[in-house]
Amino acid sequence: MSRFWRPGSEKPTAAIVEDEEGGVLFLPTSTSSSSSSGFGYASLERQRQRLPVYKYRKAILYLVERHATTIVVGETGSGKSTQIPQYLKEAGWAEAGRLIGCTQPRRLAVQSVASRVAEEVGVRLGEEVGYTIRFEDQTNPGTTMIKFLTDGVLIREMMEDPLLTKYSVIMVDEAHERSISTDMLLGLLKKIQRRRPDLRLIISSATIEARSMSTFFNIRRKNSMLASADCLPNTEPAILSVEGKGYTVEIHYVEEPVSDYLQASVNTVLIIHEKEPPGDILVFLTGQDDIDTAVKMLNEEIQHRGRHYLDLLILPLYSGLPRGDQDLIFTPTSKGKRKVVISTNIAETSLTLEISDIESLVVAPISKASARQRAGRAGRVRPGKCFRLYTEEFYLKEMQPEGVPEMQRSNLVSCIIQLKALGIDNILGFDWPASPSPEAMIRALEVLYSLGILDEDAKLTVPLGFQVAEIPLDPMISKMILSANNFGCSDEILTIAAFLSVQSVWVSMRGVKKEFDEAKLRFAAAEGDHVTFLNIYKGFHQSGKSSQWCYKNFLNHQTLKKVIDIREQLVRIIKRFGIPLTSCNRDMEVVRKAIIAGAFANVCHLEEYSQNGMYKTIRTSQEVYIHPSSVLFRVNPKWVIYQSLVSTDKHYMRNVIAIEPSWLTEAAPHFYQFRTPNPALH
DNA sequence: GAGCACTGC
């Protein structure tokens, strides 16, 4: 009996060339003959066979059987996300109760790919084909064979089952996006592979970074006994390239750099409308502000110009927009109208605009990879055009080929604590696809140490460290939750924690600024933003979670429902820890003390003679200001503590609460001590 | 008197 289960699959007829450099290159045969599977699913089956990935079916199965890691490079529209898991199932990789896993970076992608595959397989979603995302598990253990999940969920699963023993194959999709959790997952899977040579990995990526990915996964087996066993797969990754189904997109550049990109994009839209045949337009701008301005400018032009321009339908798109307004984008345009969607980069990856006939317009210093992806949005259903508001020379000489991976530009605190919880002690020696700087790692380790989550040996503390690792939030917020128990206000703090982990709950609307400010004042608390959240939560509950109520109060209904979901998840977690849910009944002093227990390092003091609300941080004397979105903006209490810092032209404190300095020694005694009063502070 | 975007657990 062979030790490792191998599905029977014949060697493909196409030529496979063992590459000198170690990888395997695959040369496809021409179109393969296909047989329709008869009645019922014939049409779905024919659709499947028309996908570009279909003619690589045998090759993929062959490579997966022979190689521990297979890297599939293919543009969007090749069908790899939906087809490869099905091929694996058909070849027997889900037999004997094992799972085929396929990760996606985003929840929406998980849901839509899973339901598409369930439909193609002809089963009910949640049975043979299922998915798991946070707050939603649509799988049936024992029945599910193909499971789609976000990469973050798979990392969480490792805490229960470190070697992911249930899975026979794991496909990591959209690996080129290089999100923190994808990179972390790749590093962890590489580690698992050493202990589980039978596990097969498929890394799917849209760009040709395949070489570096291949180098990363090229592992040498330590145990030579194992290496000689012929039932083991080759550890050298195979690379396979699949063409996409996208149409050609004609690229245009400006001849001279533009000075005002907003005006230039407005002009370009108008010129496209004059000169180009029918087709919708997608414009990428940098932020909500610019989008609102551009919408206004275009609508003014439409009013001033002739009748022909009334055919333009201008629609903004960004995540803070209420759901109903976002849905407008998907409603088909009436005949003769031209839809102009003005969007943030949300339309680059997160939303697939299934509007036909898109023409695209790109702005801003982004990476070449990102620019290509945006242009690709114009060629999904038919050939399109892309107008870049920078010169070709700038594209070729100035723009970076790839964006910097998130791992190398963000806070590593959450990442490190998850690795620690998985028993990885040597963080500095962890093998990442893109290593963060040692300085960034040391900074994160220091934060965790000061919060009491790691001890002097950089090990998780008991119970605090292990509990924090189990809570799916920023460790600063998790610490706040666990401290709330000492102050008898866990009920209130869980609500605050849930608000702190969603985007802004406010929906801003231009033109009704006065009403918006009034709505905000209805909830504003003198203590600051955290207590304001408690007021909003109370109001939302009393309204019966009404969307009408949200609309009246300029609040985002979707976001508030998410707050409720997160809060419920947190309640379950702290109950598991044996922490009771207790309310402090409007005693906001204890609530603020619990907040300090998590955010004590972020205390700021108002500069005495400052006319413009300048604060300085206690730790580093950095100049900071209260963010205009805070209820304490222009109130400027003497002492404040902030939850996060955003840097634009100034450093702005977001989510701010007023505190008394005397509380610091009680809420964070290890960090603050009494000393002789400093006359400079009075 | 003025606010960068987007994911995820």
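Numbered from 1 within each chain, the chains take letters A, B, ... in sequence-line order. What you are looking at is a predicted structure, and each value in this text was computed from that prediction instead of being measured.
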Within the structure shown, what part of the strands sits under 4.0 Å from [X] by heavy-atom distance: base, sugar-phosphate, or nothing?
X      : value
A:F633 : base
A:R634 : base
A:P472 : base

Carboxylate-amine/guanidinium contact [X] [Y], below 4.0 Å:
X      : Y      : value
A:E470 : A:R576 : yes
A:K514 : A:E518 : yes
A:K479 : A:D474 : no

Please report, rounded to the nearest Å, how far the [atom2] atom of [N] is from the [atom1] atom of [X].
X      : N     : atom1 : atom2 : value
A:L185 : B:dC9 : CG    : P     : 13 Å
A:D183 : B:dC9 : CG    : P     : 17 Å
A:I416 : B:dC9 : CD1   : P     : 21 Å
A:R654 : B:dA2 : CZ    : C1'   : 13 Å
A:I133 : B:dC9 : CD1   : C1'   : 12 Å
A:L262 : B:dC4 : CG    : P     : 16 Å
A:L412 : B:dG8 : CG    : P     : 20 Å
A:Q104 : B:dC6 : CD    : P     : 21 Å

message: So if I take residues 146-156 of chain A and measure heavy-atom distances to DNA chain B, which residues fall below 4.0 Å?
response: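 Residues of residues 146-156 of chain A under 4.0 Å from DNA chain B: A:T150, A:G152, A:V153, A:R156.
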- prompt: Can you tell if the side chain of A:V640 reaches within under 4.5 Å of the side chain of A:C604, non-hydrogen atoms only?
  reply: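 In contact.
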message: Quick check for you: to the nearest 0.5 Å, what is the distance between A:I291 atom CD1 and A:L317 atom CG?
response: 7.0 Å
query: Is the count of non-hydrogen atoms from other residues, nucleotides or ligands lying under 6.0 Å from A:K575 atom NZ greater than 12?
result: no
query: If you draw a 6.0 Å radius around NZ in A:K520, do more than 12 non-hydrogen atoms from other residues or ligands fall strictly inside?
result: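 Yes.
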message: Is A:T344 close enough to B:dC6 that one of its side-chain N or O atoms is under 4.0 Å from OP1 or OP2 there?
response: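 Yes.
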- request: Considering just the side-chain nitrogens and oxygens of A:R106, establish if one lies under 4.0 Å of OP1 or OP2 belonging to B:dC6.
  value: no
query: Between A:Q569 and A:Y652, which has a closest nucleotide on DNA chain B that is more 5'?
result: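 In this pair, the answer is A:Y652.
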- prompt: Can you tell which of B:dC9, B:dG3, B:dC6 lies closest to the side chain of A:R134?
  reply: B:dC9
